[in-house]
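Each remark here refers to the structure printed beneath this line.
Heads up: numbering here begins at 1 and tracks the sequence. What's counted below: heavy atoms across the whole structure, side chains too, no hydrogens, waters or symmetry copies.
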Amino acid sequence: MKMRQALLKTIGTAAAILTIGGVWATQVRAQATERTKVVFWNEMTGPAQQKLNDFVKEFNQSQTKYQVVSQFEGNYNEAVQKILNTHGTDASPAVFQSMDISTSQIYHSGYTTPVQKFVDQDHYDIDKISPVARAFYSEKGKLLSMPFNTSQPVLYYNATLLKKYHITPPPTDPSYSDITRVATQLYQRSHQKVKGLSVEIYGWLFEQFMANSGESMANQADGHNGTPTKVNFDTPGAIKAMKWVQENLKSGALMNFGSGSSASANEMAAFLSGKLGIFLQSSADISQLTAGTKDKLGITYYPHPDGQKANGVAIGGASIWISNDKPATVQRGSWEFIKFLMKPENQAQWQAATGYLALNKDSQQEKVLQELYQKVPAAKVPSEQLSKTKPDETNSGVFLQGLIQERTLTQTAMDQIYNGSNIKNSLQQAEDAMNNYIKSNNQANGVK
């Protein structure tokens, strides 16, 4: 009898445990089901995609209210079209990444909720985020989207090659003449085996020459004070930059790799193989450069005209937007995810893993970045350039619809100039074509 009672007691206890376990499992499933789903579209690949996926996983594990679902949507141009075409449908994302030159296009679509709304609601300390990066994605002082994968153009040089040929490296904040000296010496002392310099035919770099000269490309303060009605390409700063390029081409010190993805790849390959000493490109290339060669890497700020203080350059990359076609709870979840990404520890990890710049000022004190700077001292230079730059009307990006068209036209002009054509005439032709485009686009959109 006692054995039977003991057995029944054991069975009862087991049943109770199973019941409790079943209830607990049901509750867990219910909590997971009750989470607000936040679909996040992005265009990251390689190490950046992996790190972004890590952030999504960490955010989902850090709380129980929201479930971010990350979806890769191809390249930037493909993603922009998908965003515009799916808005207002169940297929549209709650939060999405979009490239820098689509900023005006996304804003004028009317499809987003400015992140400024949530900044104000939460009294979020936006001053912690780089003012240069914020200025690029703002309109009349209102932050439209949160800058995320951000880079600035910098100058890279092979410090090992310079030491080999007994050449004094350029200063951290170089003028055009400073770079010409190093490039010419390297070309001559290597008996023309090493090209001294390369400046890719790239509209982004052309824009930076103007920004660092303190010049606006478009009127209305580069579009930040209103819709631009015209552009100006043949400014004194633009002409000085193109003369500098032509002078170095004429001496043989500058190698012209052309334009496009193949130009970038060939330029990078030449630098990593020791056939090229200096080139201008995105700060996001640091990881690839340090992994691709044993030579010591040198980095400086973007060069500026002689006799003129550097005004500072704008950023590149992409930002994160919140769609306005989703319920308030989903939009709030999107903002919470953005805040998570912008934490100093996460921004520091982002820079160390990808080469993109940490935008939270407190990130510079994080261990992972301190270790990176100790290993590669030059890696600190882009962050210093970013923090040193004071945003103004000329270095906060061009808020203009049709920037893809602008870059096509300026690259055509650069190609002509690199091949010896008259600088002012080439720039004027590109300017006239762009102004015709702007006029037609504004008329189509009812802008006078």
Side-chain angles (χ1 to χ4, degrees), residues 101 153-158 170 174-188 190 192-213 215 217 231-271 273 275-282 285 300 302-306 313 316 398 403-434:
I101 60 175
V154 294
L155 181 144
Y156 294 104
Y157 65 90
N158 188 319
S175 68
Y176 295 157
S177 291
D178 290 326
I179 303 307
T180 296
R181 171 188 63 81
V182 177
T184 302
Q185 289 177 346
L186 183 56
Y187 182 59
Q188 292 176 347
S190 69
Q192 302 182 358
K193 292 180 180 179
V194 179
K195 282 289 184 177
L197 171 68
S198 171
V199 180
E200 184 188 347
I201 295 175
Y202 185 13
W204 185 52
L205 297 183
F206 182 84
E207 293 161 19
Q208 305 309 329
F209 284 128
M210 292 186 66
N212 214 19
S213 299
E215 298 174 342
M217 174 176 281
V231 295
N232 187 7
F233 294 158
D234 60 336
T235 62
I239 291 172
K240 285 180 183 178
M242 294 300 98
K243 281 185 177 179
W244 174 60
V245 168
Q246 280 193 340
E247 288 168 0
N248 282 279
L249 278 165
K250 187 176 181 180
S251 72
L254 191 148
M255 177 65 182
N256 178 14
F257 287 96
S259 62
S261 57
S262 60
S264 298
N266 291 336
E267 182 182 66
M268 180 74 74
F271 184 83
S273 64
K275 301 297 183 182
L276 172 67
I278 303 170
F279 74 109
L280 303 174
Q281 202 47 266
S282 168
D285 288 337
T300 76
Y302 203 79
H304 58 83
D306 291 276
V313 290
V398 184
L403 278 179
I404 293 177
Q405 178 75 1
E406 172 265 310
R407 289 188 177 177
T408 299
L409 290 170
T410 53
Q411 284 170 195
T412 298
M414 290 175 76
D415 186 55
Q416 294 170 352
I417 291 166
Y418 281 37
N419 284 289
S421 70
N422 181 274
I423 295 173
K424 189 169 180 63
N425 289 345
S426 296
L427 293 178
Q428 186 64 58
Q429 289 173 10
E431 179 183 314
D432 291 343
M434 188 63 198

Next on the checklist: With a 4.5 Å cut-off on side-chain heavy atoms, are Y202 and M414 touching?
Outcome noted: no
Checklist entry - Is any side-chain heavy atom of K243 closer than 4.5 Å to a side-chain heavy atom of I239? => result yes
Checklist entry - Judged by atom type as modelled, is there a donor-acceptor pair below 3.5 Å linking the side chain of Q246 to the main-chain atoms of S421? => result yes
Checklist entry - Can you tell me if D415 uses its side chain to pair, donor with acceptor, with the backbone of T412 under 3.5 Å? => result no
Next on the checklist: Would you call the rings of Y302 and F209 parallel, tilted or perpendicular, taking 30° and 60° as the class edges?
Outcome noted: tilted
Next on the checklist: Measuring only between side-chain heavy atoms, which start at C-beta, is E431 closer than 4.5 Å to N232?
Outcome noted: yes
Checklist entry - Side chains of S259 and Q411: is there a donor and an acceptor less than 3.5 Å apart? => result no
Checklist entry - Taking atom OG1 of T180 and atom CG of L197, what is their separation to the nearest 0.5 Å? => result 7.5 Å
Checklist entry - Got K195 and Y187 here, is their nearest side-chain heavy-atom distance under 4.5 Å? => result yes
Next on the checklist: Quick one, N425 and Q428 - any side-chain contact, counting heavy atoms below 4.5 Å?
Outcome noted: no
Checklist entry - Can you find a heavy atom in the side chain of E406 that is under 4.5 Å from one in the side chain of V231? => result no
Checklist entry - Hey, what do you get for CE (M217) to OG1 (T235), rounding to the nearest 0.5 Å? => result 8.0 Å
Next on the checklist: Treating S251 as the side-chain partner and A253 as the backbone partner, does any N or O pair qualify as donor plus acceptor under 3.5 Å?
Outcome noted: yes
Checklist entry - Quick check: does any side chain N or O of N158 sit under 3.5 Å from a backbone N or O of L276, one acting as donor and the other as acceptor? => result no
Item to check | Spacing of M268 atom CE and F279 atom CZ [to the nearest 0.5 Å] | outcome: 4.5 Å
Item to check | I201 side chain reached by N256 side chain, heavy atoms, under 4.5 Å | outcome: yes
Item to check | Rounded distance (nearest 0.5 Å) linking atom CG of D432 with atom CG of L427 | outcome: 11.0 Å
Item to check | Donor-acceptor pair, side chain of S426 and main chain of I423, under 3.5 angstrom | outcome: no
Next on the checklist: When you compare the side chain of S282 with that of W204, does any pair of heavy atoms fall below 4.5 Å?
Outcome noted: yes
Checklist entry - Roughly how far, to the nearest 0.5 Å, is the CD1 atom of I417 from the CE atom of M242? => result 6.0 Å
Checklist entry - So how far is it from L186 CG to I278 CD1, rounded to the nearest 0.5 Å? => result 7.0 Å
